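Hydrogens, waters and symmetry mates play no part in the numbers below; they use all other heavy atoms, side chains included. Predicted, not measured: the structure shown is a model, and the values here were computed from it.
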Amino acid sequence: MGKKVNLGAIWCYSFAEVIQLSLPEEQRVSITTITVGLSTILTCSIHGALRPPIIWKRNGVILNFLDLEDINDFGEDDSLYITKVTTIHMGNYTCHAYGYEELYQTHILQVNVPPVIRVYPETQAQEPGVSASLKCHAEGIPNPHITWLKNGIDIMPKLSKQLTLLANGSELHISSVRYEDTGAYTCIAKNEVGVDEDISSLFIEDSARKTRLSVGNMFYVFSDDGITVLQPNECEIRRHIRPEERIFSSYEEICPRVEGEGTQSCLWASAVNVRDKYIYVTQPKQNRVMIIDIPTQKAVQSMDVDPLPTKLHYDKSHDQVWVLSWGNMQQSSPTLQVIPEASAGEEQRVIRTPFKGVDDFFIPPTNLIINHVRFGFVYNKSKPTVHKIDLETVTHIKTISFRNYSCLPQTMAYTHLGGYYLVQCRDRRGAAAPQLLIDSVTDAVIGTNGAVLGTPHISPDGRFVVSADGDSGRIQVQTMTVQGEIELIYDLQTNVHQNQVLLQLPPPHLTKTLLVVIEKGSRLARLYGGPKGGPVGLVVAPQWSKSHHADLMYESRKKQWEEISNDKINVSVKPIQTLSLWKFHLKTPSPPARPDHWDEVPRLDLKFFILIMSYITFDSL
């Protein structure tokens, strides 16, 4: 048998038969663009007499022999058929004839998504003379173009010093409101495959704060002294739930006095917002989860859980709260529990999952485009595997091994653009190892994420990956292309070590500046730069204080930050563990040395103004 390769053709002489394969040069790379939700067929253009069966690959993994729900029919002509395309399917697919990998065709699948928007606030009331902002977050592929109407009339001709558009049109800012500014402001987002719109209503009236501000438009601050409810715009305390107050259903104290402690104080570890109805918060000392009713701002119920509950996560897709308990201070008996029907408001119950030896878990976040998540992962940080689970049935699906990469998983992140899971790794000596990539379409480990180290964080729209390596102080920023590929755009070495990313990247419509806020003790630092090749640098803020908390938390004193450029982005620092806004876990620093062993428990602490935002679930803003 002889084989000859020549300009996109292969001849193979086997016995008395001649196999001739060809692929026109202009068809070596084929680009297919499809709208999300539709089906598509990728046809291999390799032809020839006696052509062997076609083999399809995605990220180097053969698809033909996998039992995939969405890629399950290769057709009579060996075409690849993908049903109900989503953004996870975007990326590169290759085809070749079995036994002839030298001649292959690459299909680039691009997925367009009609715009989906969310305005905030839906309704607000302001007094004359104060400023007001109406924000419109839009997601879509390609990036949507945003326009505003007031009472059905385009506001562009009315723009002035008093009425301005910020952040590429996503924010409508009125510097000094007047009675005539009352109206319905419609945000319209449009791209080549669709349009969406929503209304934000503004009322101008006297004593607006007293008559129209919803009790839900609040921050919840958890501290040793109980729970403080803040009105964010004026930074006013609206309610203080003290440790000695009672839980409505059981009449137990909010924070019972512990024998041997001089003062009655609280310890909180993790909290989540459940559909703007309830806040679930863990109390490790009491081995329980407490439920706060947002409309009434009262503690209404507590539930006993396994010892030392330290992490909560709200799975909005299935309306359930996941609870991770350490078991003991050595974390040697961790357990994972689920509270179903978390938003029901009735007497809740706790279900213990069958997963053993689990010391962490990961559930991908939803956003405006991906509003349902079916699978999650549980893992032990000392074992080179992760276990895929069905969130609805709370059952084990499969085990994915990292033994070939000597990776002990520490944290995980997920981007729906291309469908990649990113895994932070350490080797058995405890040293940082390169991140791994898992393809969610095939559940295959496709290799390392280049040489990127540290904890991966995904911007809520899925477009950016920010990786912070606390050992070296290195911060790397990657972007997801429309072809589903990951590209490195920034690699910054800082002298800030053991950092914790608090704020990732802005939404996609903020294209001029990239921003990362990292924590170093009680100081904040800010990474900035332009994605078009502009400067990259690090600005360190003054000591963390209440005034700087105000600047960062809700943009009320923007001028106290140094103006980086004319395209400066004013953003809010919304710490991670307490919000569904940024979906990664934050362990806030413990206070200075205390005489008890509770220092080791991750806590929500007033000193660092770690807040709960109860008024809206910004999964994707």
Side-chain angles (χ1 to χ4, degrees), residues 115-140 143-191 194-205 208-209 212-214 216-217 231-234 368 460-461 505-513 515 550-559 561 563 565-572 574 581 613 615-618 620-621:
V116 184
I117 67 174
R118 175 180 293 157
V119 297
Y120 172 76
E122 293 182 358
T123 301
Q124 65 175 308
Q126 300 291 354
E127 296 178 345
V130 304
S131 63
S133 289
L134 300 85
K135 299 178 182 179
C136 178
H137 175 58
E139 288 189 19
N143 282 341
H145 175 69
I146 295 177
T147 57
W148 288 87
L149 308 178
K150 178 189 176 184
N151 298 329
I153 301 175
D154 187 359
I155 60 120
M156 288 297 292
K158 299 181 179 180
L159 293 181
S160 62
K161 290 184 178 180
Q162 188 247 354
L163 180 67
T164 57
L165 289 177
L166 305 175
N168 292 348
S170 66
E171 178 180 350
L172 179 62
H173 183 75
I174 307 174
S175 60
S176 179
V177 298
R178 300 166 295 195
Y179 288 108
E180 54 265 34
D181 292 319
T182 293
Y185 293 80
T186 304
C187 173
I188 302 175
K190 184 178 182 180
N191 65 12
V195 61
D196 193 17
E197 64 181 53
D198 201 358
I199 295 176
S200 178
S201 298
L202 174 63
F203 298 90
I204 311 302
E205 59 181 33
R209 288 184 304 168
R212 286 190 178 269
L213 274 180
S214 167
N217 187 22
Q231 203 290 321
N233 293 327
E234 288 78 25
L368 292 183
D461 57 19
L505 296 173
H509 50 269
L510 304 180
T511 58
K512 297 296 181 67
T513 304
L515 178 71
D551 297 335
L552 294 169
M553 186 58 66
Y554 40 80
E555 310 174 22
S556 62
R557 299 178 180 86
K558 300 176 182 179
K559 294 301 182 181
W561 275 104
E563 289 287 344
S565 69
N566 291 332
D567 297 313
K568 174 191 172 187
I569 297 175
N570 297 297
V571 293
S572 300
K574 298 178 176 69
L581 172 56
M613 179 183 291
Y615 54 82
I616 193 166
T617 305
F618 283 111
S620 56
L621 181 58

| field | side-chain contact (heavy atoms from CB on, under 4.5 Å) between Ile188 and Ile146, worked out | value | CA-CA 6 Å; Ile188 302 175; Ile146 295 177; over 6 Å; no
| message | What I want to check is whether the side chains of Asp181 and Gln126 have a donor and an acceptor closer together than 3.5 Å. | response |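 Their side chains do not contain a donor-acceptor pair, so the 3.5 Å distance test is not met.
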| request: For atom NZ of Lys150, decide whether the heavy atoms of other residues, nucleotides or ligands shown that lie under 6.0 angstrom number more than 12. | output: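 For Lys150, atom NZ is crowded (more than 12 foreign heavy atoms under 6.0 Å).
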[X] (side chain) donor-acceptor with [Y] (main chain) under 3.5 angstrom:
X: Trp148; Y: Ser170; answer: no
X: Asn151; Y: Gly183; answer: no
X: Asn191; Y: Gly194; answer: yes

| task | Check side-chain contact (heavy atoms from CB on, under 4.5 Å) between Thr164 and all other residues, then give those that pass, not counting sequence neighbours. | result |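 Result, side-chain contact (heavy atoms from CB on, under 4.5 Å) vs Thr164: Leu166, His173.
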| Residues two or more places apart in sequence or in another chain: which of them pass side-chain contact (heavy atoms from CB on, under 4.5 Å) with Leu163? |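 side-chain contact (heavy atoms from CB on, under 4.5 Å) check on Leu163 returns Lys158, Leu159, Ser160, Leu172, Ile174.
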Spacing of [X] atom [atom1] and [Y] atom [atom2] [to the nearest 0.5 Å]:
X: Asp461; Y: His137; atom1: CG; atom2: NE2; value: 6.5 Å
X: Ser176; Y: Gln162; atom1: OG; atom2: CD; value: 6.5 Å
X: Cys136; Y: Arg118; atom1: SG; atom2: CZ; value: 11.0 Å

| said: Evaluate Leu134 against Val119 for side-chain contact (heavy atoms from CB on, under 4.5 Å), listing each step before the verdict. | reply: CA-CA 7 Å; Leu134 300 85; Val119 297; over 6 Å; no
| Derivation and outcome, side-chain contact (heavy atoms from CB on, under 4.5 Å), residues Glu171 and Leu165 | CA-CA 6 Å; Glu171 178 180 350; Leu165 289 177; over 6 Å; no
Could you list the donor-acceptor pairs under 3.5 angstrom formed between side-chain atoms of residues 195-204 and any protein atom two or more places apart in sequence or on another chain?
from: Asp196; atom 1: OD2; to: Ile117; atom 2: N; distance (Å): 3.1
from: Ser200; atom 1: OG; to: Pro121; atom 2: O; distance (Å): 2.5

